[in-house]
Participant: 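My questions will all concern the structure given below.
Chain naming here is simple, since letters A, B, ... match the order of the sequence lines and numbering starts at 1 in each. Only a predicted model underlies this, so the values are computations on that prediction, with no experimental measurement involved.
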There are 2 protein chains.
Amino acid sequence: MSAAETAVETIQREMTVFARRARASAGRMHPELSLVSYTLLGHLEESGGRRATDLAAHYALDKSTVSRQVAALERSGLIERRLDPEDHRVQVLDLTAAGREILAQVTRSRRAAFRERLADWPEEDLVRFAAYLERYNAGRTAAG
Amino acid sequence: MSAAETAVETIQREMTVFARRARASAGRMHPELSLVSYTLLGHLEESGGRRATDLAAHYALDKSTVSRQVAALERSGLIERRLDPEDHRVQVLDLTAAGREILAQVTRSRRAAFRERLADWPEEDLVRFAAYLERYNAGRTAAG
DNA sequence: CAAGCAAGTTGTACTGTGCAACCAGAGCGG
DNA sequence: CCGCTCTGGTTGCACAGTACAACTTGCTTG
């Protein structure tokens with residue numbers, strides 16, 4: 001196997017390990033906000049006023065899944081739905097003040113954890129690692 | 001924000017994006033072998049003769065979870081367990097021929113997807129990216 | 001208007017997971 | 001040798017996240 005193939009192999013394996021751990025630790029770190037909820041809230045913050053269907057399409061989730069997630073977030077008072085006056089089938093979703101608050105809080109704590117973990121990395125490596133990840137994710141294949 | 005802080009921010013965000021996508025796409029890609037099973041099988045192939053406890057530690061999974069996964073893999077005939085003659089509490093796990101077969105098959109398809117995605121990366125970058133990921137995962141913090 | 005399409009909800013089922021309780025074997029101090 | 005404790009593993013239970021299918025409601029179009 002060439003060096004490149006070995007590297008691809010390693011990237012594949014380590015990404016998978018990471019994904020597993022991320023899911024495991026996300027719950028422990030922020031019991032108040034699951035990884036899904038966190039992601040959805042983040043998405044709504046960035047591009048407010050989305051519909052559930054948009055979220056489902058964007059994350060390749062079933063509409064029923066999104067429906068339940070959204071219902072839970074609303075029950076928790078983190079988002080609100082209002083009927084689109086143009087089309088009464090549609091519900092437009094937006095963060096509430098509380099939602100923004102929690103999201104900011106979780107973002108802070110996540111950020112702190114990452115920063116701690118990466119504390120002893122030389123800046124040069126951090127910058128390069130970040131660039132690689134961005135480049136990787138910019139791809140659109142399903143290799144995920 | 002310093003360059004290092006920006007990089008940490010990016011790493012956090014991109015890792016999260018990756019985690020979400022991985023989970024979404026894994027099931028669709030190989031219905032015959034769940035992501036967990038695949039990961040465990042791969043681990044066993046690389047470093048045969050592991051114990052369930054080792055797997056649990058490595059993937060930050062509860063021992064009960066690993067126990068069930070292992071039981072399922074054994075039922076499917078992909079791994080076999082034998083009692084450690086030295087210590088009768090311990091079960092040493094190993095792939096069966098069928099297990100190696102399936103694993104190779106899934107690995108081929110995963111590898112193809114990754115390789116396609118990473119096709120236009122220079123070898124030097126692949127190697128460095130792989131090294132960063134390994135280093136990141138070698139850390140033991142709960143940051144995911 | 002009737003037929004069909006689109007947005008969401010609900011019923012059902014399955015997977016992956018953790019925690020707690022438990023069992024069995026090993027090891028140690030008296 | 002006996003009990004205590006530790007370790008590896010299993011099982012009962014609960015729960016989150018997910019998909020699929022059936023359904024409701026509202027819009028759109030022939």
Participant: Looking only at side-chain atoms of B/K63, point me to the closest of D/dC27, D/dG8, D/dA19.
Facilitator: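 That would be D/dG8.
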Participant: Ignoring the backbone of A/R68, work out which of D/dG17, D/dC20, C/dA7 is nearest its side chain.
Facilitator: D/dC20
Participant: Which listed nucleotide (C/dT17, D/dA19, C/dA7) is nearest to the side chain of A/T65?
Facilitator: D/dA19
Participant: In this structure, how many angstroms lie between the P atom of C/dT9 and the CG atom of A/L83, rounded?
Facilitator: 10 Å
Participant: Between A/P85 and A/Q69, name the one whose nearest nucleotide on DNA chain D is closer to the 5' end.
Facilitator: A/Q69
Participant: Closer than 4.0 Å, any side-chain N/O of B/S64 to the OP1 or OP2 of C/dT17?
Facilitator: no
Participant: I want to confirm an ordering. Mapping B/D54 and A/V36 to their closest nucleotides on DNA chain D, which one lands closer to the 5' end?
Facilitator: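 Residue closer to the 5' terminus by nearest nucleotide: B/D54.
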Participant: The side chain of A/D62 is closest to which nucleotide in this list: C/dG8, D/dC20, C/dT17?
Facilitator: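 The answer is D/dC20.
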Participant: Heavy-atom distance under 4.5 Å between the side chains of A/Y38 and A/T107, does that happen here?
Facilitator: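 Heavy-atom side-chain distance check passes, below 4.5 Å.
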Participant: From CZ of B/R51 over to P of D/dC6, roughly how many Å is that when rounded to an integer?
Facilitator: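 Taking atom P of D/dC6 as the reference, CZ of B/R51 is at 17 Å.
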Participant: Could you state the CG-C1' distance from A/D87 to C/dC5, rounded to the nearest angstrom?
Facilitator: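 So the two atoms are 12 Å apart, to the nearest Å.
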Participant: B/Y136 and A/R117: which non-hydrogen atoms are nearest, and at how many Å?
Facilitator: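 That closest heavy-atom pairing would be O-NH2, 2.9 Å.
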Participant: Measure from the side-chain heavy atoms of B/R89 and tell me the nearest of D/dC20, D/dG8, D/dG26.
Facilitator: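 For the B/R89 side chain, the nearest candidate turns out to be D/dG8.
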Participant: Strictly distance-based, threshold 3.5 Å: is any side-chain N or O of B/S109 a donor or acceptor partner for the main-chain N or O of B/Q105?
Facilitator: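 Such a contact is absent between B/S109 side chain and B/Q105 backbone.
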Participant: Ignoring backbone atoms, test whether B/R50 places a side-chain nitrogen or oxygen under 4.0 Å from the OP1 or OP2 oxygen of D/dG8.
Facilitator: no
Participant: Are A/T65 and A/Y59 close enough that a side-chain donor and a side-chain acceptor fall under 3.5 Å?
Facilitator: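 Judged by distance alone, the side chains do not pair up.
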Participant: Starting the side chain at C-beta, find the nucleotide from C/dA7, D/dA19, D/dG26 nearest to A/V90.
Facilitator: C/dA7
Participant: Considering only D/dG9, C/dG18, C/dA7, which nucleotide approaches the side chain of A/T53 most closely?
Facilitator: C/dA7
Participant: Looking only at side chains, do A/S37 and A/S34 share a donor and an acceptor under 3.5 Å apart?
Facilitator: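 Checked: A/S37/A/S34 side chains pair up, N/O donor to acceptor below 3.5 Å.
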